*Asks:* 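Sharing a structure below in structure tokens format, with a few things to ask.
Everything numeric in this text was worked out from a predicted model, so none of it was measured. Note that the numbering runs from 1 along the sequence shown for the chain.
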Amino acid sequence: MFSFNELAGRQPASVKKTAGTISGRFAIKKADEDKHLAFGWAYVSQDECGNQTEDHSGDQLEPEELESAAYQFVELYREGGEMHERGGCAVLVESMVFTKEKQQALGIPDGTLPVGWWIGFKVTDEDVWSKVKNGTYPMFSIEGTAIREEIEE
């Protein structure tokens, strides 16, 4: 489920660099008030320079795993919720995982975009949309289940 509360992985709101990882949160990048549309990064696996990122939970997600998770979400769910508490608040209208290979195929120069999942939602719930507009929900948050594996450095 996706919520409009926070999104970990990339710049600007708060960014921290430690031990070769970058962690932070970033905001909804584009919105269309009349159409109730919001767009932004759902998750960033690697920054523009190819450095592995770390989300606010301290987890890292390899590009291949991110791509697989994104495809499963689009295939099976396509729904946005509010604060991971209730669904039915938004509908996915755009989704692309920008892998290095796809960026190359699209003619996007290296170092321009992160390796990440870009999404767009049409917010169907008026209360949630008002919170997006007034800044209460300025970012996306992904929710899912996974098996944690320790990374040897």
Side-chain angles (χ1 to χ4, degrees), residues 1-32 37-85 87 89-123 128 131-133 135-153:
M1 183 189 314
F2 289 82
S3 299
F4 295 98
N5 62 337
E6 62 186 336
L7 176 61
R10 191 169 120 78
Q11 52 121 359
S14 64
V15 176
K16 179 175 69 172
K17 292 185 179 188
T18 57
T21 63
I22 299 171
S23 62
R25 298 175 183 194
F26 53 99
I28 291 172
K29 298 292 185 184
K30 179 183 177 216
D32 184 322
L37 295 172
F39 301 88
W41 295 103
Y43 196 94
V44 171
S45 181
Q46 297 174 348
D47 69 14
E48 294 86 347
C49 298
N51 299 313
Q52 183 69 42
T53 60
E54 185 177 278
D55 64 27
H56 77 289
S57 299
D59 295 324
Q60 297 177 347
L61 189 57
E62 293 297 323
E64 299 79 21
E65 294 168 346
L66 174 61
E67 191 172 37
S68 176
Y71 293 163
Q72 286 180 350
F73 178 81
V74 171
E75 181 182 358
L76 301 174
Y77 304 105
R78 298 180 297 275
E79 178 182 277
E82 181 180 19
M83 304 296 288
H84 304 289
E85 297 296 323
C89 299
V91 177
L92 185 73
V93 295
E94 187 167 290
S95 173
M96 181 162 180
V97 179
F98 284 92
T99 62
K100 290 289 183 193
E101 295 80 13
K102 288 178 190 171
Q103 290 180 45
Q104 185 178 36
L106 291 167
I108 299 170
D110 281 346
T112 303
L113 290 177
V115 172
W117 182 13
W118 177 267
I119 57 173
F121 277 92
K122 178 177 180 69
V123 181
V128 171
K131 292 174 183 173
V132 171
K133 283 185 1 180
T136 302
Y137 299 156
M139 302 177 189
F140 294 105
S141 176
I142 61 172
E143 179 182 36
T145 57
I147 298 171
R148 263 203 179 105
E149 295 178 5
E150 289 294 320
I151 299 173
E152 292 184 28
E153 295 195 31

*Asks:* Can you list the residues that meet the side chain to side chain contact (heavy atoms under 4.5 Å, CB included) rule with Leu106, with sequence neighbours excluded?
*Replies:* Met96, Phe98, Ile108
*Asks:* Can you list the residues that meet the side chain to side chain contact (heavy atoms under 4.5 Å, CB included) rule with Glu101, with sequence neighbours excluded?
*Replies:*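 Only Thr99 meet the side chain to side chain contact (heavy atoms under 4.5 Å, CB included) criterion with Glu101.
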*Asks:* If the condition is side chain to side chain donor-acceptor pair (under 3.5 Å), which residues does Glu94 pass it with, not counting sequence neighbours?
*Replies:*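 With sequence neighbours excluded, Glu94 shows a side chain to side chain donor-acceptor pair (under 3.5 Å) to Trp118, given in chain and number order.
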*Asks:* Can you see which heavy atom on Ser141 is nearest to which on His84, and at what distance?
*Replies:*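 Looking at all heavy atoms of both residues, the shortest contact is OG-NE2, 2.8 Å.
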*Asks:* About how many Å separate CZ of Phe73 and CG of Leu92, when rounded to the nearest 0.5 Å?
*Replies:*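 Atom-to-atom, Leu92:CG and Phe73:CZ are 5.5 Å apart.
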*Asks:* Which heavy atom in Pro114 sits nearest to a heavy atom in Gln46, and how many Å separate them?
*Replies:*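 Result for this residue pair: CB-O, 3.1 Å.
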*Asks:* Restricting to non-hydrogen atoms, name the atom on Ala90 and the atom on Val123 that form the minimum distance, rounded to 0.1 Å.
*Replies:*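 Taking Ala90 first and Val123 second, the nearest heavy atoms are CB-CA, 3.9 Å.
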*Asks:* Give the table of side-chain donor-acceptor pairs shorter than 3.5 Å for residues 64-71, with sequence neighbours excluded, one pair per line with atom names and distance.
*Replies:*
residue: Glu65; atom: OE1; partner: Glu62; partner atom: N; Å: 3.4
residue: Glu67; atom: OE2; partner: Tyr71; partner atom: OH; Å: 2.8
residue: Glu67; atom: OE2; partner: Lys102; partner atom: NZ; Å: 2.9
residue: Tyr71; atom: OH; partner: Lys102; partner atom: NZ; Å: 2.8

*Asks:* For Cys89 and Val128, work out which heavy atoms get closest and say how close.
*Replies:*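 Taking every non-hydrogen atom into account, SG-CG2, 3.9 Å.
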*Asks:* Identify the two heavy atoms, one from Tyr137 and one from Glu82, that lie closest to each other, and give their separation to 0.1 Å.
*Replies:* OH-OE2, 2.6 Å
*Asks:* Among all residues two or more places apart in sequence or in another chain, which pass the side chain to side chain contact (heavy atoms under 4.5 Å, CB included) test with Asp59?
*Replies:*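 With neighbours one apart ignored, the set is Asp55, Ser57, Arg148.
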*Asks:* Of all the heavy-atom pairs spanning Glu79 and Gly87, show the shortest one and how long it is.
*Replies:* OE2-CA, 3.3 Å
*Asks:* Who are the salt bridge (charged side-chain N to carboxylate O under 4.0 Å, His left out) partners of Lys122, not counting sequence neighbours?
*Replies:* none
*Asks:* Look at the side chain of Ser45 and the backbone N and O of Leu61, then say whether any donor-acceptor pair between them is shorter than 3.5 Å.
*Replies:* yes
